[in-house]
*Asks:* 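Quick one: this structure, given as structure tokens, is what I'll be asking you about.
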Number of protein chains: 2
Amino acid sequence: MAGIEEVARATGVSTATVSRALRGLPNVSDTTRAAVRRAADELGYVASSSASGLASGRTLALGVVVPSVSRWFYTQVLEGVDAELRSASYDMILFNLGGHRGDRERVFHRSILRKRTDALLALCLDFTPDEREQLASLGHPTIVVGGPVKGLRSVGIDEKATAREATNHLIGLGHTEIAHLGGEDEEGLNSNVPAGRLRGFEKAMRAAHLTVRPEWVIPGGFSLPEGRAAMNRLLDRPGPKPTAVFAGSDEMAMGAMLAAADHGLRVPDDLSVIGIDDHDYSACFGLTTMAQSPFEQGSAATRILLDELAGGEPRAGSVRSPAHLVVRTSTAPPR
Amino acid sequence: MAGIEEVARATGVSTATVSRALRGLPNVSDTTRAAVRRAADELGYVASSSASGLASGRTLALGVVVPSVSRWFYTQVLEGVDAELRSASYDMILFNLGGHRGDRERVFHRSILRKRTDALLALCLDFTPDEREQLASLGHPTIVVGGPVKGLRSVGIDEKATAREATNHLIGLGHTEIAHLGGEDEEGLNSNVPAGRLRGFEKAMRAAHLTVRPEWVIPGGFSLPEGRAAMNRLLDRPGPKPTAVFAGSDEMAMGAMLAAADHGLRVPDDLSVIGIDDHDYSACFGLTTMAQSPFEQGSAATRILLDELAGGEPRAGSVRSPAHLVVRTSTAPPR
DNA sequence: TTGAAAGCGTTACCAG
DNA sequence: CTGGTAACGCTTTCAA
């Protein structure tokens, strides 16, 4: 409640000195600084962010734009971002698009462009040319996590290579009848991610001279329930069945495992399943997967932003995060 | 990039009028308002939140304090909060404690007390007397979601009654050997939640003249992996086994189901399992549960806050959210 | 090392 | 209905 003036009065110095002392700036004598600190504590003084934001031009806040918070990947990135922000004493403004395509413009206008943040981190989002332009005109550091976006640097795995490696794991086990459970293009989400994984799958299949059956490439919505439903539909269909499935995410992969159980199929004997992510639950499911670390991606991206805000040289290039195969019990040679 | 003065100049009116026109305040002629709007659009003018925050005392932002974002319940509440904020054009500042007990004080000081928000919503957190006092002195509307907190109003289910109903479902099926997989007291989390559920369990058992075996009341950390591990430990132990288990959350309940599978037990034939939540995955698992809606709780709490900020009468009482039994295939009479 | 004073970009009050 | 003009509470030169 107390303002800076009261602290100044209590300490017998000017408000300028109080400001400098509290922010740890140089050129303040130790004794003065100590006295100011004490007074501030006693009076419960905390600088108003509006006022300091207005005066200094910095808000000490990072804007994070997410498609939703109900997906494992996003929550992990958020935790990573947050960990980094915490140590830099930055706050996080969360802009959740929540699938509301129509609200995007309002979010952009009302919030992002409102100088409430010093920098922006976007998750798995694609931007319209218009949005990109607005971002650029804002002129503050921007980065994307999870899937490349044209014109913006990003942090993320090599989607295509990762998908290829996953598929090759199945092929290496001797599978030839392989299905792909992919994400569909959700509105506003970065369609490069599911598309890249699909391309990697196709490329691996082609390289092994295997055929990709269109009816075995099915959309699983990136979620467990949708993945299960999609896989169930595939297994319900008469005719030949795949002996293995490469799912574009672990959540869908777990759904596929449940679908296998629904059909009385054993994993991996009757059906091998591999995913991407290494979700918190994957070990429990014995799911073989291409592990990645969204937490690290989030903190790495945040660090880049923070560095720049601290005056560091802006680094233009994108960052490739690692992904690696983790073999568990959901994959085996075909029976 | 343009400031309000440029819009004023372009329109030939004063900055005061621009401000009024853009915010939809009364006492502005339609023609003036239209002209101002057009000019603002053309110039790409958006008010600076720091400046208007400083001048008006309102930030148009809600602070949300969460223990973490990696739990289904929290993400659902966040979505609910966000939906409500969106329609009110409010922004969300996310304060993630992330289990960093030590950072709590910093978060409080640096951010919450920094007048960056107009109101505060806390998730499943317990506050120290000191923290409570700081909150009170801040003087802005506060509410808690998920578990009652002394001295603060809250929105949430009746923990004890819900747990009792869950337990009674098992008892009603004829079970007498019932275990409880509970949450443990995590640092800073609201311990009233797991404690209330445990008490409800005990009460139901006592009412049915059943004995609660201490070694069958085990901590599952509110997560699937920990729930599975805990249940596995219980099942590994020599001696009698429970025929049913009441888990304090669906995530733990699913873990228990996996543990049953690990031990070659069939659900529900060998082991009945019931949880609380109605997690997104629960239907896929056939999990019987006490359904609640954290999304609704989040939006209800936010609405209360927003109402007050809009000048509505502060409502003191807490709000009880509904929970109801959803019977699926994980529970049946003992074999 | 410190202080005085000029902003920062809005909003709100009071006249007109 | 509109304009002038103080705030709002800090930060940041520039002097001392």
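Nothing here was measured: the structure is a model prediction, and the numbers come from that model. Proteins get letters first, then strands, A, B, ... in listed order; numbering begins at 1 in each.
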*Asks:* Without hydrogens or angle criteria, can the side chains of A:Glu79 and B:Ser70 be said to hold a donor-acceptor pair below 3.5 Å?
*Replies:*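 Yes, side-chain donor-acceptor contact under 3.5 Å.
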*Asks:* Does the pair B:Asp82/B:Arg86 count as a salt bridge with the N-to-O cut at 4.0 Å?
*Replies:*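 B:Arg86 and B:Asp82: salt-bridged.
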*Asks:* Ignoring hydrogens, what is the shortest heavy-atom contact between B:Gly63 and B:Phe95? Give both atom names and the distance.
*Replies:*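 Shortest heavy-atom separation between B:Gly63 and B:Phe95 comes out as CA-CE1, 4.0 Å.
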*Asks:* Which letter, B, S or -, goes with each nucleotide of nucleotides 3-11 of chain C from 5' to 3', with contact meaning a protein heavy atom under 4.0 Å?
*Replies:* BB--BBBBS
*Asks:* Given atom CG of A:Leu22 and atom C1' of D:dT12, what is their separation to the nearest angstrom?
*Replies:*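 A:Leu22 atom CG is separated from D:dT12 atom C1' by 16 Å.
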*Asks:* Verify the contact: side-chain N or O of B:Thr32 to OP1 or OP2 of D:dT2, cut-off strictly under 4.0 Å; return yes or no.
*Replies:*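 Affirmative; the distance criterion is met.
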*Asks:* Between B:Arg9 (CZ) and D:dT2 (C1'), how many Å, whole number?
*Replies:*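 It works out to 18 Å between those atoms.
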*Asks:* Rounded to the nearest Å, what distance is computed from the CG atom of residue A:Leu25 to the P atom of nucleotide D:dT12?
*Replies:*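 Taking atom P of D:dT12 as the reference, CG of A:Leu25 is at 8 Å.
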*Asks:* Whole-Å distance between D:dC14 C1' and A:Asn27 CG?
*Replies:*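 A:Asn27 atom CG is separated from D:dC14 atom C1' by 14 Å.
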*Asks:* So, for A:Ile4 and A:Val18, which heavy atoms are closest and what is the spacing to 0.1 Å?
*Replies:*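 For A:Ile4 versus A:Val18, the nearest heavy atoms are CG1-CG1, 3.6 Å.
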*Asks:* Compare all side-chain heavy atoms of B:His140 with those of B:Thr117 and state whether any distance is below 4.5 angstrom.
*Replies:*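 Sidechains of B:Thr117 and B:His140: in contact.
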*Asks:* Ignoring hydrogens and angles, state whether a donor on the side chain of B:Ser14 or B:Thr17 is under 3.5 Å from an acceptor on the partner side chain.
*Replies:*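 The criterion, which ignores hydrogens and geometry beyond distance, is satisfied for B:Thr17 and B:Ser14.
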